[in-house]
Amino acid sequence: MVVLVLNCGSSSVKFQLLNMDTEDVIAKGLFERIGAGQAVLKYSRPGQDKLKLQPEGIEDHNQAIAFILDLLIDGENGVIKSLDEIDSVGHRVVHGGEKFSSSMAITEAVYQSLVENIPLAPLHNPANLLGIDAINEILPDVPQVGVFDTAFHQTMPKMAYLYPLPMWLYDKYRLRRYGFHGTSHKYISARCADLDGRPIEEMKIITVHLGNGASVAAIDGGKSVDTSMGFTPLEGLVMGSRCGDIDPAIPVFIQKNENISPDELDSLLNRESGVKGLSSGRYIDMRDIEDGYFEGDPLCVDILEMYCYRIRKYVGAYSAAMGGLDAVIFTAGVGENSPITRELVMAPLGYLGVKMDKKVNDDDAHPGSGYEGRVSTADSTVSVWVIPTNEELVIARDTKEIVSTKETGTV
Ligand code: ADP
């Protein structure tokens, strides 16, 4: 079965075409700056040189997806002969609300629920819907599946997901913790159990996803029981440009004293804070912070220490929440590639039974990215892992399973 995975952002479309009989990637790419000047598509196929294309006139997601599909069947650069070879399409959908605790075939009713969820994710869900609309127009007979970032966290107990606010806000707006990056937390926790050779049902795992957005999850017996992102992806850790946890009175204070609009406040917290805010706009990329840390730049030392301290607080909190800890997993851009981050987070946790293996944790030990394995010593009671995340594979697996086992209807 050939599955096309689409991850549509507000001005981007990320895609992978996978052969799900072998789980091999046939082609993948990223279209950026859609509708924002000159769109750029980076396209790659295993064993071939990467291509960078700058097609004219790509103004919206429909045109971008039509271009991608044409490219996939192109005589020179294509990978399939006809679009008939695409059996199904899996979409990353950011917000599934409370309705979806697992991936779903996109039926008319599911589509309507996604429309209803737009207020919960005004930046993300509309773009996800544009992707579904485009496929519906171009490949109307191909079944589509939605895989939700929030679904894996729907197992959280009430004590973890409710905020201590007036109940009418929950009743009226479904204002609660949802959590995000669920596909990633699910994949790396299952992979860790596989690598460790233990049933996941018997494991207490903390997953640490550190990309531009970052979140931690507590996974007890294979189920998410708590996570650091909340009603939106703003809560929790220090991120590239998001503030994470702050005193909830601070936004009100800023708004009153700076006399700014709700949109400006939203932008300040989401796009001008975190690492970017702490460095007064100088840095957003953790590689620059790391470089500065090793050069002894006091600002970068402060930022990296704060970034890691806050992750460590969550590791401590979640081991307490689960009443024990077997494994901690690092993933995504920073988690996979930054030995110093893993060291600063984990080394002080000796009292929990953590013993880092400095040599293995150092990326010189395994040059090039893509290392998967343990970075703690054999006698560490808590094992520490680096596991590259693979959200596309989870989306493709869920899509294959749903399309193979259920009646699906197109929108
Ligand atoms: P997202 O998918 O959330 O956009 P990624 O998972 O690609 O993000 O991670 C992006 C982050 O990873 C950036 O802050 C980038 O600097 C960081 N990163 C990538 N490589 C390294 C590295 N070698 N050391 C530290 N950080 C890195």
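Counting starts at 1 for both ligands and their atoms, following the listed order.
- Proximity of a side-chain donor or acceptor of N361 to a complementary backbone N or O of P339 within less than 3.5 Å is detected.
- With 3.5 Å as the limit, one finds a donor-acceptor pair spanning the side chains of S113 and K99.
- A cation-pi arrangement is absent between R45 and Y43 under the rule of less than 6.0 angstrom and at most 45 degrees off the ring axis.
- Among protein residues, G211, N212, G213, D285, M286, R287, E290, A332, G333, V334, N337, S338 come within 4.0 Å of ligand 1, judged on heavy atoms.
- Qualifying salt bridge (charged side-chain N to carboxylate O under 4.0 Å, His left out) partners for E264, counting only residues two or more places apart in sequence or in other chains: none.
- Counting only N and O atoms by type, the side chains of D263 and S261 include no donor and acceptor under 3.5 Å apart.
- Between the side chains of R242 and N270, no donor N or O sits under 3.5 Å from an acceptor N or O.
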